[in-house]
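Everything numeric here is computed off the predicted structure, so don't read it as measured data. One-based numbering along the sequence shown.
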Amino acid sequence: MNINGWINERNGNFAQLKKLIISMNLMPCLSKNSFNHLTEKLLQELEKEAVQEKLENIIETELVVTYGLYRSEFIAEDIARDILKWWENS
């Protein structure tokens, strides 16, 4: 695959993953662009063939530290499972 094809594929994956994260309604008051950082971190890990536990750690850390949520407000395991399912089917 040439570089333009790779860039287009990655941009498409980024957009789809961001849409999935937004659809989870984790923080409905935030703008859609607020999840760019989380989306990028997760996509980088997926591209390295991440395991669910690693994704859960990223999700938990980012949602608590960056976005200020409490651990009781989300289930990192469910989010990671949904993201992995999406990745496997894309």
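- With sequence neighbours excluded, the residues forming a side chain to side chain contact (heavy atoms under 4.5 Å, CB included) with Thr61 are Val65, listed by chain and number.
- No side-chain donor-acceptor contact under 3.5 Å links Gln52 to the backbone of Leu84.
- Hydrophobic clustering (side-chain heavy atoms under 4.5 Å, transitive across Ile, Leu, Val, Met, Phe, Trp, Tyr) groups Leu20 together with Leu30.
- Among residue pairs with one or both ends in residues 64-76, those qualifying as salt bridge (charged side-chain N to carboxylate O under 4.0 Å, His left out) are Glu60-Arg71; sequence neighbours excluded.
- Across all their heavy atoms, Ala80 and Leu55 have their closest contact at CB-CB, 3.9 Å.
- Using a 4.0 Å cut-off between charged side-chain N and carboxylate O, Glu45 and Lys48 make a salt bridge.
- Contact check for Ile22 versus Lys19: no side-chain heavy atoms found under the 4.5 Å cut-off.
- Under the rule for a side chain to side chain contact (heavy atoms under 4.5 Å, CB included), the partners of Asn33 that lie at least two apart in sequence or sit in another chain are Lys18, Ser31, Asn36.
- No side-chain heavy atom of Tyr70 sits less than 4.5 Å from a side-chain heavy atom of Val64.
- Between Ile79 and Ile21, every side-chain heavy-atom pair lies at or beyond the 4.5 Å cut-off.
- Taking the ring pair (Phe, Tyr, Trp, His ring centres under 6.0 Å) definition, one finds that Tyr67 meets it with Phe35, sequence neighbours left out.
- Linking Ile, Leu, Val, Met, Phe, Trp and Tyr whenever their side-chain heavy atoms come within less than 4.5 Å puts Trp86 and Met24 in one cluster.
- With sequence neighbours excluded, the residues satisfying salt bridge (Lys or Arg N to Asp or Glu O under 4.0 Å) with Glu47 are Arg10.
- In terms of the salt bridge (Lys or Arg N to Asp or Glu O under 4.0 Å) criterion, Glu53 has no residue partners (sequence neighbours excluded).
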